[in-house]
Structures are given as C-alpha cells and as structure tokens.
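First up is the structure itself, then whatever we jot down about it.
First the proteins, then the strands, lettered A, B, ... as listed; each starts at 1. The analysis underlying the following values was restricted to heavy atoms, covering all of them including side chains, and did not include hydrogens, waters or symmetry mates.
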Protein chains: 2
Amino acid sequence: MARVRLIDVAERAQVSMKTVSNVVNGYAHVQPDMRARVQAAIDELGYRPNLTARRLATGRTGMIALAMPEIDHPYFGEMASHLAEIALARGYRVIIEQTLSDAAAEKAVLQDREAGLVDGVIFQPTRMATLDLARLHDDLPVVLLGEIDAPVTTDHVMIDNVAAAFDGVRHLLNLGRRRVAFLGLVDGDITMTNRRRLLGYQEALVGAGVRLDPELVLQARGFDSHDAEAAVESALDRGLDFDAILSRDDRFAAGALTALRRRGIAVPDDVAIVGWDDSAITGYTSPTLTSVAPDKRALATRAFELLHERMHGHHGAGRHIVVPHGISVRASAPGA
Amino acid sequence: MARVRLIDVAERAQVSMKTVSNVVNGYAHVQPDMRARVQAAIDELGYRPNLTARRLATGRTGMIALAMPEIDHPYFGEMASHLAEIALARGYRVIIEQTLSDAAAEKAVLQDREAGLVDGVIFQPTRMATLDLARLHDDLPVVLLGEIDAPVTTDHVMIDNVAAAFDGVRHLLNLGRRRVAFLGLVDGDITMTNRRRLLGYQEALVGAGVRLDPELVLQARGFDSHDAEAAVESALDRGLDFDAILSRDDRFAAGALTALRRRGIAVPDDVAIVGWDDSAITGYTSPTLTSVAPDKRALATRAFELLHERMHGHHGAGRHIVVPHGISVRASAPGA
DNA sequence: AGATCACTTTACAGCGCTGTACATTGTCTG
DNA sequence: CAGACAATGTACAGCGCTGTAAAGTGATCT
C-alpha cells in the first residue's frame, strides 16, 4: 500500500493541496466546515505528513543533536534524558550522537554529518581544541557544554568548576579533614576541566591554611572506575597518608571506595569521599556517595534556550552561562 | 553566507549536476580527471550535501529509531550505546526515543512521530498491548526488544527469560541456598517478562525438590531501587526467612543490598543475591553483584540485522530470535 | 448597484537532490 | 572499416511539502 500523500487527500476532499496543508498545520483562517471536510478525508485515508518533505520545504528539521562522549555514562545519560524531555516539550526531537572521545568523531559532529539534518547542536567536546571548534561550525548553531576552553564566539553552559571543587573540599575540611587527595588526573589528559577543579581544590586548602602536598594529587591510567581503584591502591602502597578524597566523577569515587574497602579502610571514618556528578551511582555504593552536584536540569534547560535563540536568528557574541551547583550530602562524607 | 548547493558546484566545474552527484556518492564510472576536477570544485566551495533533500529524492532516511522506556537506565544506556555503534558501522544513524513507559508515547513511536523520519524502528515496549502493536506499524519496519508478548507478525529479539531465571536460581541453589526469594513483581505491572522469569524461578526450585513458598515472591511499589529496598525491609519486618534473592534487575538488587546492610545481614553469607542485566551498577555495589547477563551485544546485533532485512524488503512472518545469556559471577553470589 | 475590504482558497514554483532515459564518446571485433 | 557495445556524461522530471502571489467570496459601506 503506497503512502497517502497530501495530494491524495486534496483530491478526495475536492480542495487544493494548500488547504489540506493549512488544516494539517492548524492554520487559523480555515472555515470550520471546510476544516471538517478536509479532516474527514485525512482520517479516511489515514494521511500522515512526510516529515522529510516538510523539512525540505521549510528548511527546518525540528531536530537537534546532542553529542556526548558516552551515552552509557550515568552523567551523560541523565543529561540526555533531561534534554530530550525539554526539547520535546518545545517541539524538537533529539538525535544522540556518541563521540567516544574520538577527535575525528567530534569533528564529524560539527561537519558534514549534521548537514541539513538538525537545526542545531549541543555538544560536549573533550578532544577538540578551541580553535578547531571555532572554525568548524560555520552556519550551524552550536552550544557547548562542559568546561572546555570554549571559543569566545560560541555559546557555552557550564558550572563554576573552581567554585564547585572549592565547595567539595570545604565540605571535607568542615569534617575536620586536612589531608585531602584529589583523584582526577588521567594520564595524558590535561583538560581545562581538571585544571579548574584542581585550582578550586588548591584554593580551598590554602584558604584554610592547609599546606599543599603535590603527592596528594592522584593520577589514574584511564577513565574507568578500575583505573581509579588502581590509583588509590598504588597511593596506599606507597604509604600516602590521606583522610579524604575529592574525585573527578562518581565512577572514580566508586573505584576509590572499592580500593579502600579491600584495604579495610573505613569510609567515611578513616577517609571521607566526595564524588562528582551526583549521578545515580551515588545511591548504589556503600556507603552512599556524597557528590558535587551540577544542576543538570539547569544545564540542559539553559543550553536548550541558548540554542533555541541561535536557531531563531540570534547572532551576538558567544554567551557563557554559569549554572548553579551544590553538594549532595550522603554517607561517604556526611554533614559536619 | 548561503549554503553551497550541488548546482553551484556543477557550474563551477562546468559539468552537470548529476556528475557532481556521482562524484559525491562515489559512483564507479567517473573518469579520474573528471572526478578530480569536480572534487576540486567541491573543496573550493566547501560543498556539503543536504541530507534532507537526498532523503526526499531517495526515499531512504538512513536513520533508525531506538525507542526505550528510559535512556538513563543503565541497561538501556548500554543497549543504546551498542546499537548506535553497530548502526553507525552499517551507515545508519540512530535517533533515541524515550517513552518513559507511557502508552501514548509508545503509540506515537509507531505512528506519526516517525513518519518519513526513519527507515525503521527498534522498540522495547512496556505498555502497549500485543494487538495494538500489530496494528500500528503498517508499513514501517519494526523489530521488538524485550519479553513482551510480541505479535506473530513482528520480528522480535529476546533472551530466554525462563531459562535465564532458571539459571539464576540454579546458581543460588548450587550455593546451597534453599529459601530463594524473587524480587521483581511491581504493583499493577504483570508483564510477560515477569511471568516468564517467575516460571523459570519456579521450575528451578521444583527441579531441585525445593518446596515453593508464595511468600517468597516479593512485591514492590514502583520501579526505583528504593521501592526494592522497601520491599525487602518489609519482608524482613514480617519475619520472612530467606537466604537468597533473584532480582528483576540490578537496580532492585542494589536496593536489596542496601536494605540488608541496614539490618546487619551479611551478603553473601546470610543472603546471596543475583541481579539481572549485568549492567555497570554491578561493579559499584558492595559486595559486587552477581547478575544474569543477557548478551546485550548480540541483542543489538541481531535486532539490527532483522531490521536491516526488513528495511530492504523482507516481508516474511515475524521471526522470534533468542540470544544467549549467562551469569556474571561476582561477590554477591560467588561461584560454588 | 458598485466599490471596498477582510477573509478564504487556489495555483504553482521551488526546496536540493537522485533516478531515468538518452546522447556522446571511445574501444573492440570480425 | 562498419557495426556493436561498453563506458561516461547530460537533461530533466519528480520526491512531498510549503510559501507566495493571485484569485475568489461574501459582507459591508456609500
């Protein structure tokens, strides 16, 4: 059975195609009886508009792309879920793009792959350099997420990583901890994100009169929780003395928990831990995980708003929006 | 700057549009020098094809939709990740659709929302009845995922839930457990999935000569891990005696762990637990979670293959494919 | 009655691409 | 060297829809 087209409906209802189109699109000035007649034809034939054709005619796709490193990372999963919901409420659909932190894939996101496919892109880059970013999105509206060193020309939504790290460490200091480790550096990955977080970490310690110890900045081999586990074990092996950990994300924090448990070190009594992302993981660990909590809903909302403006012709300079964060206090670093 | 079109390239290279099209699409019979000339024009103008227009002309969209209840559920996140990867390798892109287990949203997936937008849909329904499913996807190729009671006309990929539940319980029985609880029923949600799992659970017990006790089938209020936690606590409150749990998913198992820990019940010594999905959660809990492991990669691969055939004209009866499962043994129910 | 105006509906071009049918060129065969 | 055939390139219709301009329809006013 061939698809029913607009023209089939028009013939059936004895009207022009455009009138059918007007009915389908809820155009105001259509007489009620005419509308009813057309609607009847639509229902009888089971007509449904071809979105691709509509797109070609209007130039709008009604879709936005969300490009992230991994869709099965809890943080990104939650962001995707929020964004899909927000976008849907505003009449947009979301294509989810997985870059796997691959530079080529990230480039592709902004280039040909999106050509004419989406009206805009919300993108969390990890590998692309600032300049490449600036150069690549000629005419495609883009909003960046995360703490990359975003080009000034591009909209960007983030939390204040310095302040968030500061707050996380403060929380630990308030618990009386003085030997706070930073678990977050990954070999060969000196991103802006980490630099900022490290800065906040240092500011908090210095502000509290605690001497900085470079030994306390732990390095992992990769991004998996096992890499964090290994990093913590290795720190313990070399006799590093610490009573708290601020972790780059909840997965790393979970890895740290595992390592500490294996060594019989009590959390939070011996070592308190603050994770990062406030993802669903925080509820599954034992003890549950205190975590730096970016306002994910706000991130998604603001990102969509900025993109929406760009898609509707806004052409100003890049706007850099900071959304709130908090600390979700759970058992691994309880309230003071 | 207006977009560069095919015709602009054609004019620049002094050839017909079709020749440019042939070059862009890698058509074989184009002379090398002609190809070079056209390519040069493409590069100079920075031409990129408009995918929407291509779609309208070819009738193919090159996209498939993946519709699932929640994209931030770890199981679905992993499935989405696999599928995106597989589809990409075969030249398809994936739109991820979140139904939030809403009947209307599920219907929409098969109806107007995807009209002309995607070439096919891979769909994990939870609310839709068999007949609705059968009726709604007239001409849209669809492959179903999960253990719904799929219409015979529709392709369907799943694991053998009876056998998987059987194996999960066997694993617990091999550990010497005899009072095995089933944590999985949710109020007002008597799905086929659960019926099958419950059947496998019963078969395993009966096969081992263990008396069935209806009390051991635990009921939760909702789908959240806290609901599982509450269900287990309530079972403990009423003095239920059990030494093992087979859980409907890993989140529920995590909830059970929390409840047991709070009551000072040792896992796995007092109560062994087997989760379901073998999701990333299994590594974050303490102890780590033994879990029934559907072969997610195989699920995604087979689903895509079936869909691919349908999209290329296959019109036979519904095929119902069973993919392997295993038990990922971890600490919550160690090997015997 | 004719003019005016606001509201409805129509006709048709065109969004950018590819498929089809056909024209052209070059190569090979007997 | 004619004829057959493959390889290569061209012209143009058409995918299904919407935007635009123009035409039609009453109602209201002079």
Could you tell me whether a side-chain N or O of B:Glu78 sits under 3.5 Å from a main-chain N or O of B:Ala280, the two making a donor and an acceptor?
yes
Taking the side chain of A:Val30 as its heavy atoms from C-beta onward, which of D:dC17, C:dC15, C:dT9 lies nearest to it?
C:dT9
For the residue pair B:Arg55 and B:Met63, establish whether any side-chain heavy-atom pair is separated by less than 4.5 Å.
yes
With heavy atoms under 4.0 Å as the rule, sort A:Met34 into base, sugar-phosphate or nothing.
sugar-phosphate
Is the shortest side-chain N/O distance from B:Asn22 to OP1 or OP2 of D:dG9 below 4.0 Å?
no
Have a look at A:Thr58 and say if it touches a base, only the backbone sugar-phosphate, or nothing, with a 4.0 Å heavy-atom cut-off.
sugar-phosphate
In whole angstrom, what separates A:Arg55's CZ from C:dG16's C1'?
15 Å
What is the distance, to the nearest angstrom, from the NZ atom on B:Lys18 to the C1' atom on C:dC17?
9 Å
If only side-chain N and O atoms of A:Thr19 are considered, is one of them under 4.0 Å from the OP1 or OP2 phosphate oxygen of C:dT10?
yes
Residue closer to the 5' end of DNA chain D, B:Arg35 versus B:Leu56 (nearest nucleotide):
B:Arg35
Do any N or O atoms from the side chain of B:Arg12 and from the backbone of B:Ile42 form a donor-acceptor pair under 3.5 angstrom?
no
Reckon A:Ser21 has a side-chain N or O less than 4.0 Å from the OP1 or OP2 of D:dC17?
no
A:Gln31 CD to C:dC7 P: how many Å, rounded?
11 Å
Check whether any side-chain N or O of A:Tyr27 sits under 4.0 Å from OP1 or OP2 of C:dC7, and answer yes or no.
no
Out of C:dT18, C:dT10, C:dC17, minimum distance to the side chain of A:Ser16 belongs to C:dT10
What is the distance from CG of A:Asn25 to C1' of D:dG19, rounded to the nearest Å?
12 Å
Would the distance check show the side chain of B:Glu309 and the main-chain N or O of B:His314 forming a donor-acceptor pair, the cut-off being under 3.5 Å?
no
Between A:Leu6 (CG) and D:dG19 (C1'), how many Å, whole number?
14 Å
